[in-house]
Visitor: 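Next up is a structure, given as structure tokens.
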Amino acid sequence: MNYTTKQLIDRIEHFATNDWDISNKVLYNMCQQYPSNTDSQAILAKALIIGRTCAASIERRKVKNSIDDAQRVAEIINDDFYVNHVVPIFQKLDLDRYINEIKSWGDVPLLSLSDEQIIKILALHKILSGAFEKATGLQKRTFASKYLHFHLPNIYFIYDSRAYAALNLVLKEVKPRGKTIVNTEQADQEYASFFIKCLRVLDYYKTMDENLCITPRQIDNLLIEIANQSLRHAE
């Protein structure tokens with residue numbers, strides 16, 4: 001059944017579950033069972049499986065000019081890109097320290113986060129995405145948001161271009177108020193804009209029903225359904 005964007009927004013509780021829940025649970029469990037971001041085997045498994053499962057493969061690299069360039073990139077990917085490039089990058093970032101600090105805040109509601117906490121959340125995303133942007137020549141904000149989401153599912157919203165476009169449709173429909181965009185060099189500004197807009201959507205639901213508990217995963221499910229429905233209507 002097709003719904004208008006507003007009808008989908010109003011049915012947010014319907015998106016508490018979807019057909020991909022078991023697949024997502026496998027990824028959540030993997031990050032819970034293997035939380036280390038310094039152990040090489042844990043890094044390899046998580047970076048590869050999350051990236052490829054969530055269509056945010058980290059090994060995509062910018063190819064400059066020729067077929068020879070493309071062949072060299074392919075050889076790196078096939079032979080040792082993850083072992084010799086991905087693992088050392090992760091090990092230098094000290095992600096566990098940042099993740100553990102965020103975990104130490106406890107079950108603080110997203111709408112209760114201080115500006116300082118939000119900046120720390122956004123800074124960690126930029127640290128991860130920036131490290132791999134330097135390594136691949138391509139922006140990796142999507143991979144970073146998904147990798148961090150599965151480690152901190154109640155903190156990070158999942159970013160991709162489809163979700164961002166759908167989010168703007170949501171904002172157009174409900175016109176929520178809330179926090180303004182964080183403007184700081186510590187944050188990737190596109191992800192910061194996306195994150196703050198998601199908070200504004202959460203604030204909208206709170207004004208509608210203060211007892212309604214909406215998770216980042218439900219927001220993601222809603223945005224993807226809006227994006228998919230837009231594609232169906234375009235066919």
Side-chain angles (χ1 to χ4, degrees), residues 5-18 20 24 27-28 50 54-56 99 102-103 105 107-129 139-184 186-230:
T5 299
K6 184 63 167 62
Q7 287 172 329
L8 287 171
I9 294 167
D10 290 342
R11 297 177 72 249
I12 185 66
E13 289 179 285
H14 172 75
F15 298 102
T17 60
N18 75 5
W20 297 98
N24 290 324
L27 300 182
Y28 291 126
I50 292 173
C54 298
I99 290 173
I102 293 173
K103 286 181 177 179
W105 301 342
D107 296 326
V108 56
L110 278 167
L111 291 175
S112 297
L113 292 170
S114 67
D115 289 347
E116 181 182 4
Q117 288 172 318
I118 291 173
I119 289 172
K120 287 184 178 180
I121 290 166
L122 297 176
L124 177 54
H125 172 271
K126 184 177 181 179
I127 287 169
L128 181 57
S129 61
Q139 65 85 7
K140 294 294 180 180
R141 68 172 60 95
T142 296
F143 170 80
S145 73
K146 293 178 177 180
Y147 190 86
L148 292 171
H149 170 79
F150 284 105
H151 287 78
L152 295 163
N154 293 319
I155 294 293
Y156 282 94
F157 296 100
I158 295 176
Y159 170 95
D160 64 27
S161 57
R162 290 190 307 155
Y164 204 175
L167 177 59
N168 286 328
L169 290 177
V170 173
L171 295 176
K172 183 178 179 180
E173 289 284 352
V174 301
K175 297 180 175 62
R177 297 180 180 180
K179 288 182 177 290
T180 57
I181 294 173
V182 174
N183 185 12
T184 171
Q186 293 175 270
D188 170 77
Q189 286 303 298
E190 186 158 338
Y191 185 71
S193 172
F194 179 78
F195 187 94
I196 295 300
K197 287 178 179 180
C198 286
L199 289 184
R200 290 171 61 194
V201 173
L202 289 183
D203 193 54
Y204 164 79
Y205 285 117
K206 184 178 180 180
T207 61
M208 298 297 291
D209 181 353
E210 63 179 16
N211 295 316
L212 190 60
C213 182
I214 305 299
T215 67
R217 172 56 68 182
Q218 284 174 271
I219 294 292
D220 182 62
N221 291 346
L222 170 67
L223 296 179
I224 294 304
E225 180 56 32
I226 291 172
N228 288 341
Q229 185 159 288
S230 295

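For the numbers below, each heavy atom of this structure counts, side chains included, while hydrogens, waters and symmetry mates do not.
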Visitor: So, taking the atom named CG in N154 and the one named CH2 in W105, what distance separates them when rounded to the nearest 0.5 Å?
Guide: 13.0 Å
Visitor: Within the structure provided, determine whether I12 and Y204 are in side-chain contact (heavy-atom separation under 4.5 Å).
Guide: no
Visitor: Indicate yes or no for a side-chain donor-acceptor contact from K197 to the backbone of L167 under 3.5 Å, with no hydrogens or angles considered.
Guide: no
Visitor: Considering all heavy atoms of both residues, which atom of Y156 and which atom of P216 are nearest to each other, and what is their separation?
Guide: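 For Y156 versus P216, the nearest heavy atoms are O-CB, 3.6 Å.
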Visitor: K103 versus I155: any side-chain heavy-atom pair under 4.5 Å?
Guide: no
Visitor: Atom OG1 of T5 and atom CD of E225: how far apart are they, to the nearest 0.5 Å?
Guide: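 It comes to 10.5 Å.
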Visitor: Side chains of K120 and I102, heavy atoms from C-beta outward: is any pair under 4.5 Å?
Guide: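 They are not in side-chain contact.
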Visitor: If you measure from CZ on R11 to CG on L222, what distance do you get to the nearest 0.5 Å?
Guide: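 Rounded to the nearest 0.5 Å, the CZ-CG separation comes out at 10.5 Å.
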Visitor: Check Q117 against S114 and note the closest heavy-atom contact, atom names and distance.
Guide: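 The answer is OE1-N, 2.9 Å.
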Visitor: Run D188 and L122 through side chain to side chain contact (heavy atoms under 4.5 Å, CB included) and show every step you take.
Guide: CA-CA 7 Å; D188 170 77; L122 297 176; over 6 Å; no
Visitor: I'd like to know if the side chain of K175 and the backbone of K172 have a donor-acceptor N/O pair within less than 3.5 Å.
Guide: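 Yes.
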Visitor: Is any side-chain heavy atom of I99 closer than 4.5 Å to one of L152?
Guide: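 Side-chain contact under 4.5 Å: yes.
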Visitor: Looking at every heavy atom in both Y159 and S145, which two are closest together, and how far apart are they?
Guide: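 Heavy-atom minimum between the residues: N-OG, 3.0 Å.
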Visitor: With rounding to the nearest 0.5 angstrom, report the CG to CD1 distance, L199 to I219.
Guide: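 Going from the CG atom of L199 to the CD1 atom of I219 covers 9.5 Å.
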Visitor: Could you verify whether a donor N or O on one side chain and an acceptor N or O on the other, from H149 and Y28, lie under 3.5 Å apart?
Guide: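 Judged by distance alone, the side chains do pair up.
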Visitor: Please tell me if the side chains of Q186 and K126 come closer than 4.5 Å, counting only heavy atoms from C-beta onward.
Guide: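 No; the side chains remain at least 4.5 Å from each other.
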Visitor: Rounded to the nearest 0.5 Å, how far apart are CD1 of I214 and OH of Y205?
Guide: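 The distance works out to 6.5 Å.
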Visitor: Kindly give the heavy-atom pair with the smallest separation between F195 and L110, and that separation in Å.
Guide: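 For F195 and L110, the tightest heavy-atom pair comes out as CZ-CD2, 4.3 Å.
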Visitor: Is there side-chain contact between C54 and I158, with heavy atoms separated by less than 4.5 Å?
Guide: no
Visitor: If you draw a 6.0 Å radius around CD in E13, do more than 12 non-hydrogen atoms from other residues or ligands fall strictly inside?
Guide: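 At most 12 heavy atoms, drawn from other residues, nucleotides or ligands, come within 6.0 Å of this atom.
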Visitor: Within the 4.5 Å heavy-atom criterion, are F15 and D220 side-chain neighbours or not?
Guide: no
Visitor: First locate atom CD1 of I127, then atom NE2 of H125, and finally report the distance between them rounded to the nearest 0.5 Å.
Guide: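 Reported value, rounded in 0.5 Å steps: 11.5 Å.
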Visitor: Would K6 and V174 satisfy side chain to side chain contact (heavy atoms under 4.5 Å, CB included), going step by step from the backbone distance to the final call?
Guide: CA-CA 8 Å; K6 184 63 167 62; V174 301; 4.3 Å; yes
Visitor: For a 4.5 angstrom cut-off between non-hydrogen side-chain atoms, does W20 reach I224?
Guide: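 Sidechains of I224 and W20: no contact.
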Visitor: Hey, is the main chain of V108 close enough, under 3.5 Å, to the side chain of S112 for a donor-acceptor pair?
Guide: no
Visitor: Hey, are Y164 and E190 close enough side-chain-wise for a donor-acceptor pair under 3.5 Å?
Guide: no
Visitor: Please name the pair of heavy atoms, one in A187 and one in A192, separated by the smallest distance, quoted to 0.1 Å.
Guide: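 Reported closest heavy-atom pair: CB-CB, 4.1 Å.
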Visitor: Return the set of residues passing side-chain hydrogen bond (donor to acceptor under 3.5 Å, both in side chains) with Q218 (not counting sequence neighbours), or none when no residue passes.
Guide: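 Testing Q218 for side-chain hydrogen bond (donor to acceptor under 3.5 Å, both in side chains), a comparison that skips the adjacent residues, returns T215.
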Visitor: Which heavy atom of Y147 sits nearest to which heavy atom of I50, and what is that distance?
Guide: CD1-CD1, 3.9 Å
